[in-house]
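Take a look at the structure set out below.
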There are 2 protein chains.
Amino acid sequence: MNASESAETAETRARILAEAKVLFSRHGYHGLSMRIIAQAAQISKAGLYYHFADKEELFVAILTSYLDELDVLIRGAEAEGTSCRTRINLVVHRILAQPSEQRAVIRLASQEMGELSEAAQQAFHKIYYEKFIGRIAAILQQGIESGELRPLDSTVATWTLLGMMYPYFYPSSSLHNASTSEIVDQLVTIYFDGVSNPADKASATSRSQ
Amino acid sequence: MNASESAETAETRARILAEAKVLFSRHGYHGLSMRIIAQAAQISKAGLYYHFADKEELFVAILTSYLDELDVLIRGAEAEGTSCRTRINLVVHRILAQPSEQRAVIRLASQEMGELSEAAQQAFHKIYYEKFIGRIAAILQQGIESGELRPLDSTVATWTLLGMMYPYFYPSSSLHNASTSEIVDQLVTIYFDGVSNPADKASATSRSQ
DNA sequence: CCTACCGATCGGTAGG
DNA sequence: CCTACCGATCGGTAGG
């Protein structure tokens with residue numbers, strides 16, 4: 001009977017996390033109250049506090065759980081891809097293939113990190129870099145070292161790539177319905193080849209300005 | 001005396017807008033209270049409501065005032081630049097040359113638009129596209145039509161460019177101290193030429209995957 | 001003693 | 001523009 005009680009507990013906890021993830025992504029940290037979360041998870045507010053010590057702990061649980069998913073996703077892409085470009089291509093395609101509530105957590109993290117306590121901020125910042133940012137940067141750095149990419153600052157290269165994905169991290173954008181594989185291809189191609197027409201001389205001229 | 005009263009009123013209003021802009025950028029719409037804004041602007045909370053009907057009106061005033069700045073900035077770049085690339089280059093350089101509190105308003109707008117009332121949302125969305133997004137898209141569309149850019153979706157091209165700038169729209173990022181002209185050059189070059197090494201065959205191979 | 005909560009209410013603060 | 005407040009709701013906790 002203990003086992004079934006624990007299973008119910010885990011189920012409730014998972015339901016809270018799932019509901020809160022969607023709502024936090026939509027309204028931000030301060031824009032969402034514990035009352036609303038409790039309502040959505042069909043539980044009392046006090047019940048919420050049985051599972052999570054406070055609002056911050058619940059919020060951080062959402063972020064870290066998603067980072068674990070990203071960790072798996074990136075490991076898979078690293079293993080399957082051979083070149084820097086194929087690996088990045090796989091990572092971008094797979095992240096943008098996720099349901100928008102999932103990938104919206106990336107924006108949520110960078111957006112609301114500053115609202116957390118100093119301790120939570122530092123702890124989260126660490127795993128954020130270990131499991132996500134640092135991994136992307138490492139793939140790009142390898143590409144720079146192997147000569148596959150031009151010699152540029154890997155930090156700039158990383159943030160530029162993540163930035164390009166950013167518009168797709170919003171929950172209710174018109175872009176989402178359209179985030180098909182073709183659009184993702186366009187995005188990755190812009191990153192790796194740029195938007196200039198190679199057959200055009202004007203772009204090469206204006207480039208030196 | 002009316003004139004001097006108006007001048008003082010305008011001064012107070014400007015002080016409120018300046019303080020609130022910084023604080024909203026740091027804490028988001030719901031993360032900042034009218035009490036804190038009043039404190040920062042050295043005014044009573046009721047005094048705040050003398051100048052702005054409610055929180056939303058103050059918030060929207062910050063956004064629209066910045067959009068007017070962007071309007072001037074983009075007009076200037078359109079007039080000075082000749083090619084698509086030079087014009088975009090000017091726009092990006094000038095936006096990222098602004099103090100971080102200024103350009104942070106762009107992120108603030110896209111981030112918190114959903115928290116506004118339906119009416120404010122629609123009104124703001126309109127001028128947001130008229131003065132900013134639509135203008136960038138038009139410059140890129142010209143580049144596509146003239147053959148300077150590859151034939152791609154101008155919406156995707158626009159959001160990709162804005163996304164690349166996004167990391168620099170955060171107020172307290174380590175990237176800001178480093179947003180020198182050189183880094184902006186790297187960013188624009190990635191956009192127009194991509195990150196791949198032209199002398200490398202592997203990137204061309206993996207591209208067709 | 002445990003678990004998985006509930007109804008009610010705490011001290012403070014929100015926008016107005 | 002201020003002092004003095006309001007209805008409601010905030011995050012969090014009491015005993016059972």
Side-chain angles (χ1 to χ4, degrees), chain A residues 1-21 23-24 26-63 108 112 114-121, chain B residues 1-20 23-24 26-63 112 114-121:
Chain A
M1 304 302 151
N2 263 341
S4 99
E5 273 170 31
S6 294
E8 281 172 40
T9 302
E11 246 177 67
T12 305
R13 192 189 150 94
R15 196 173 62 244
I16 295 168
L17 285 169
E19 296 286 351
K21 178 165 66 184
L23 292 169
F24 272 127
R26 251 197 301 252
H27 302 292
Y29 186 71
H30 290 292
L32 177 63
S33 68
M34 293 296 264
R35 182 179 60 88
I36 300 289
I37 299 170
Q39 220 168 286
Q42 289 169 294
I43 199 179
S44 73
K45 196 150 63 83
L48 218 52
Y49 281 93
Y50 173 80
H51 290 279
F52 300 95
D54 50 33
K55 194 184 187 184
E56 182 174 289
E57 192 181 293
L58 167 56
F59 185 74
V60 170
I62 293 168
L63 302 188
L108 196 60
E112 308 285 4
E115 303 299 313
L116 304 179
S117 69
E118 200 61 43
Q121 222 168 116
Chain B
M1 302 305 152
N2 262 345
S4 100
E5 272 168 30
S6 294
E8 279 173 42
T9 302
E11 244 177 71
T12 304
R13 192 187 150 95
R15 196 174 61 243
I16 295 169
L17 285 169
E19 295 287 349
L23 292 169
F24 271 127
R26 260 206 283 263
H27 302 292
Y29 186 72
H30 291 292
L32 177 63
S33 68
M34 293 295 264
R35 182 179 59 89
I36 300 288
I37 299 170
Q39 221 169 285
Q42 291 169 292
I43 199 180
S44 74
K45 193 148 64 82
L48 220 49
Y49 281 91
Y50 172 81
H51 289 278
F52 301 94
D54 50 33
K55 194 185 187 183
E56 183 173 287
E57 192 182 292
L58 167 56
F59 186 75
V60 171
I62 293 169
L63 302 189
E112 309 285 5
E115 303 300 315
L116 304 179
S117 69
E118 202 61 41
Q121 224 169 114

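The chains referred to below are lettered A, B, ... by the order of the sequence lines, with proteins before strands, and numbering in each begins at 1. The structure presented is a predicted model; accordingly, all values stated were derived computationally and were not measured.
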Exercise. Would you say D/dT3 has OP1 or OP2 under 4.0 Å from some side-chain N or O of B/Ser44?
Worked result: no
Exercise. If the C1' atom of D/dG12 is compared with that of C/dA8, how far apart are they to the nearest Å?
Worked result: 13 Å
Exercise. Which of residues 48-63 of chain A have a heavy atom under 4.0 Å from DNA chain D?
Worked result: A/Tyr49, A/Asp54, A/Lys55
Between atom [atom1] of [X] and atom [atom2] of [Y], what is the distance when rounded to the nearest 0.5 Å?
| X | Y | atom1 | atom2 | result |
| --- | --- | --- | --- | --- |
| B/Leu32 | B/Glu112 | CG | CD | 10.5 Å |
| B/Ile16 | B/Glu11 | CD1 | CD | 12.0 Å |
| B/Glu57 | B/Leu116 | CD | CG | 12.5 Å |
| B/Ile36 | B/His27 | CD1 | NE2 | 8.0 Å |

Atom pairs, N/O to N/O, protein against nucleotides 9-12 of chain C, distance under 3.5 Å?
none

Exercise. Between B/Leu23 and B/Ile37, what is the shortest heavy-atom contact and its length?
Worked result: CD1-CA, 4.5 Å
Problem set entry | Least distance between heavy atoms, B/Leu48 atom then B/Ala38 atom | CD2-N, 3.8 Å
Exercise. Could you give all pairs that pass the side chain to side chain donor-acceptor pair (under 3.5 Å) test and reach residues 30-50 of chain B, with sequence neighbours left out?
Worked result: B/His30-B/Glu115
Exercise. Sequence neighbours excluded, which residues qualify as side-chain contact (heavy atoms from CB on, under 4.5 Å) partners of B/Ser117?
Worked result: B/Glu56, B/Ala119, B/Ala120
Problem set entry | Contacts of type side-chain contact (heavy atoms from CB on, under 4.5 Å), residue A/Arg13, not counting sequence neighbours | A/Leu17, A/His51, A/Phe52, A/Ala61
For this session: Check DNA chain C against residues 31-39 of chain B and give the residues with a non-hydrogen atom under 4.0 Å, in numerical order.
Result: B/Leu32, B/Ser33, B/Met34, B/Arg35
Problem set entry | Ring geometry between A/Tyr29 and A/Phe24 (parallel below 30°, tilted from 30 to 60°, perpendicular above 60°) | parallel
Seminar exercise, completed: For DNA chain C, the dot-bracket notation using Watson-Crick and G-U wobble pairs below 3.5 Å, [ ] for pseudoknot-type crossings and | for other-strand pairs, is .....|.|.|..|.||
Problem set entry | For B/Lys55, side chain to side chain donor-acceptor pair (under 3.5 Å) partners two or more places apart | none
